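Data block below; observations after.
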Protein chains: 2
Amino acid sequence: MEYRKLKDQDEDENGGGDDIESRKPLSVTNVPTLGAATVDWSKWKLKIVVVVALTLLTSSQGILIVWSKRNGKYAYSVTTSNFMVEALKCGISLLALARIWKSEGVTEDNRLSTTLDEVIVYPIPALLYLVKNLLQYYILEHVDAPGYQILKNLNIISTGVLYRIILKKKLSNIQWAAFILLCVGCSSTQLKTNSDAVLQTSVEGWLMAIVMALLSGFAGVYTEAIMKKRPSRNINVQNFWLYVFGMVFNAVAIVTQDFDAVMNKGFFYGYSFITILMILNHALSGLAVSMVMKHADNIVKVYSTSVAMLFTAFVCYFLFGFKLSLTFILGTITVAVSVYLHAVGKQR
Amino acid sequence: MEYRKLKDQDEDENGGGDDIESRKPLSVTNVPTLGAATVDWSKWKLKIVVVVALTLLTSSQGILIVWSKRNGKYAYSVTTSNFMVEALKCGISLLALARIWKSEGVTEDNRLSTTLDEVIVYPIPALLYLVKNLLQYYILEHVDAPGYQILKNLNIISTGVLYRIILKKKLSNIQWAAFILLCVGCSSTQLKTNSDAVLQTSVEGWLMAIVMALLSGFAGVYTEAIMKKRPSRNINVQNFWLYVFGMVFNAVAIVTQDFDAVMNKGFFYGYSFITILMILNHALSGLAVSMVMKHADNIVKVYSTSVAMLFTAFVCYFLFGFKLSLTFILGTITVAVSVYLHAVGKQR
């Protein structure tokens with residue numbers, strides 16, 4: 001059940017992103033003219049909207065998980081719900097596309113048909129997540145679940161490193177420092193009294209954790225590369241292809257992991273109102289992640305999901321009377337300083 | 001006994017500083033000529049030497065405390081040992097002065113005699129520490145000892161704020177961020193499983209902790225102001241007067257707190273080899289603090305004592321098999337990033 005919980009929390013990383021609001025592809029030129037200033041501002045406005053959306057969706061996701069847990073453990077099959085999330089994202093992307101075709105007509109950039117050259121890269125993120133999820137089984141033989149939550153923060157560092165290496169984007173020294181602090185701060189907020197056990201992790205455990213962080217970081221960076229490779233390409237088409245492969249890989253997961261349960265009890269066995277809310281939320285967060293990848297970047301994504309995590313804890317504090325520990329508060333301050341440093345540390 | 005322990009740890013803050021190595025008062029002009037570059041380098045060399053000395057002395061201080069504790073609690077009277085520390089610093093300053101008088105003769109800057117105008121400010125730091133130490137009694141009624149160790153880190157923030165306000169020196173935004181991180185990081189490294197209790201501190205407890213942080217910060221900043229008011233004034237003369245008042249205030253403490261014990265058992269009752277080592281160490285650290293105040297500043301002092309604290313823990317880890325917790329490691333990383341940010345965050 002622990003694995004399912006973890007997998008469920010990871011699910012939002014599977015990318016995706018609807019573009020109902022912003023139909024015009026953004027200009028990628030950055031020529032400093034008077035016109036460019038306007039473009040920059042609309043670009044910023046869009047960035048802010050998607051980041052706020054991602055943060056809110058991710059936090060409500062955490063709250064929904066806590067809420068659903070109040071009635072016990074998952075009664076439904078997580079593989080089927082993951083499949084439903086992919087299918088929903090696929091459906092929303094198609095609907096958005098249909099509206100665009102109606103108003104703008106079919107163009108080179110928004111037609112669904114694709115070339116092998118274009119589509120060949122789309123299964124890669126889904127494949128990377130699949131490998132990562134399989135690896136999770138093995139890593140949990142070396143680390144307990146709270147320790148795993150701590151080690152997951154290595155994703156932050158791996159994302160920064162791969163973002164630098166693969167996307168060739170530079171972070172300033174201060175932004176690197178901020179990134180280390182983000183990792184430290186997030187880890188602090190998740191510390192439990194028994195977290196020290198993670199220090200006894202074996203070498204194999206550490207290696208697996210690092211490989212997993214790299215896989216996860218690579219999947220994120222790769223998705224960004226796909227979304228930005230052709231900036232004028234409509235995001236809904238890109239999403240559609242991403243999620244089609246997501247559906248395929250999740251179908252494989254259903255067959256290999258939950259075949260008997262689904263056959264005997266039915267596909268939607270155990271689904272409740274809250275299950276539907278969670279699927280809806282995961283789908284929307286996935287679409288928000290996709291938009292962040294298209295219009296902002298992985299660094300922004302890491303920051304918004306981290307801030308969302310803190311936000312969730314504060315909401316749980318007020319809603320469910322959760323206690324905030326001193327390590328949580330110190331970690332939150334560290335994350336806040338990190339966000340500030342990332343902003344002021346831009347290359348000058 | 002807890003109070004004594006705390007007081008003992010605070011003792012190093014009572015300032016002081018010998019200048020046997022650097023007899024020439026440093027040039028304070030900063031005119032960018034070829035000559036000034038040499039002056040700047042010798043100034044930097046001196047800064048590095050005093051900072052390393054302070055860091056090493058402070059760390060060995062922590063180790064000595066742990067070592068002495070192995071044989072149980074303090075067998076001697078802490079008020080008398082504090083008095084001895086002040087007396088020793090006074091003696092060393094006088095010896096250094098005697099050598100200088102022999103080689104350079106008595107000048108306006110190195111003569112011991114003083115004016116009321118000059119000497120009137122010297123008792124203030126000692127007085128502030130006295131008030132702070134008295135306040136410690138009361139604060140420990142509201143907070144337990146581990147919680148008090150956490151709250152003591154507020155000194156870091158208060159020192160920064162008072163340094164800005166009183167000495168009118170600017171810190172860049174990044175240096176402020178680094179300072180907050182230093183406070184957070186140091187607190188993390190000191191967290192114990194029961195540290196969350198500090199969050200239940202009453203409003204009075206918090207207020208007292210803040211007042212104490214301000215007193216301690218003010219004493220530090222005031223000492224720096226005294227040492228730098230007349231840069232050409234020989235540091236040994238300044239130390240002499242600082243420590244004379246330190247002796248006076250500690251004599252008052254002996255009479256009010258340990259009069260009976262000293263009368264019945266004698267002044268040096270319970271002194272051991274390790275007691276003498278600790279007094280020697282405290283005296284030398286005090287002199288190092290004084291040199292840091294004269295040639296560097298309070299910010300440098302805060303950083304070196306913080307790094308010394310971490311250094312102590314690592315030495316204890318290797319020497320006494322102490323365990324390093326995950327919060328300690330995360331706190332150490334935060335402090336390291338803070339040191340880096342302080343260095344790169346200089347006003348540009």
Side-chain angles (χ1 to χ4, degrees), chain A residues 143-144 146-147 149-151 153-154 156-157 171-201 317 322-348, chain B residues 143-144 146-147 149-151 153-154 156-157 171-201 317 322-348:
Chain A
V143 199
D144 57 0
Q149 287 298 324
I150 304 288
L151 290 179
N153 292 304
L154 289 172
I156 295 174
I157 303 295
L171 291 171
S172 71
N173 286 347
I174 287 168
Q175 287 182 318
W176 276 115
F179 231 54
I180 294 171
L181 290 173
L182 184 65
C183 181
V184 169
C186 286
S187 302
S188 285
T189 60
Q190 292 166 338
L191 286 187
K192 305 271 174 297
T193 42
N194 56 350
S195 294
D196 275 5
V198 81
L199 294 174
Q200 266 79 55
T201 305
Y317 169 72
F322 277 31
K323 277 195 181 148
L324 298 181
S325 68
L326 194 53
T327 48
F328 180 84
I329 293 166
L330 293 175
T332 303
I333 298 171
T334 308
V335 170
V337 172
S338 165
V339 171
Y340 171 76
L341 287 171
H342 180 78
V344 299
K346 284 206 195 316
Q347 299 274 3
R348 275 167 284 205
Chain B
V143 198
D144 58 358
Q149 287 297 325
I150 304 287
L151 289 179
N153 292 302
L154 288 172
I156 295 174
I157 303 295
L171 291 171
S172 72
N173 285 347
I174 287 168
Q175 287 182 318
W176 276 114
F179 230 54
I180 294 171
L181 290 173
L182 184 65
C183 180
V184 168
C186 286
S187 303
S188 283
T189 58
Q190 292 166 338
L191 285 186
K192 303 272 173 297
T193 42
N194 56 350
S195 295
D196 275 4
V198 80
L199 293 174
Q200 266 79 56
T201 305
Y317 169 73
F322 277 30
K323 277 195 182 148
L324 297 181
S325 69
L326 194 52
T327 49
F328 180 84
I329 292 166
L330 293 175
T332 303
I333 298 171
T334 308
V335 170
V337 172
S338 166
V339 171
Y340 171 76
L341 286 170
H342 180 77
V344 300
K346 284 207 195 317
Q347 298 274 5
R348 275 167 285 206

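Only a predicted model underlies this, so the values are computations on that prediction, with no experimental measurement involved. Lettering of chains follows the sequences in order, A, B, ..., and the numbering in each one begins at 1.
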Notebook entry, point to check: Atom CG of B:Leu191 and atom OG1 of A:Thr327: how far apart are they, to the nearest 0.5 Å?
Noted result: 6.5 Å
Item checked: Which residues share a side chain to side chain donor-acceptor pair (under 3.5 Å) with A:Ser338, sequence neighbours left out -> A:Tyr303
Notebook entry, point to check: Between B:Leu324 and chain A, which part of the residue has a heavy atom less than 4.5 Å away: side chain, backbone, both or neither?
Noted result: backbone
Margin query: Within the structure provided, determine whether B:Val344 and A:Asn173 are in side-chain contact (heavy-atom separation under 4.5 Å).
Written below: no
Check: Which bit of A:Leu341 is near chain B, if near means a heavy-atom gap under 4.5 Å: side chain, backbone, both or neither?
Finding: side chain
Margin query: With a 4.5 angstrom heavy-atom cut-off, is it the side chain or the backbone of A:Ile150 that approaches chain B, or both, or neither?
Written below: side chain
Item checked: 4.5 Å side-chain heavy-atom contact, A:Leu330 and B:Leu330 -> no
Pair up each side-chain donor or acceptor in residues 179-186 of chain B with any protein partner under 3.5 Å, not counting sequence neighbours, and list the distances.
none

Checklist line | Greatest number of heavy atom pairs closer than 4.5 Å to chain B - which of A:Ala336, A:Ala178, A:Ala177 | finding: A:Ala177
Item checked: B:Ser187 OG to A:Ile329 CD1 distance, which is reported to the nearest 0.5 Å -> 11.5 Å
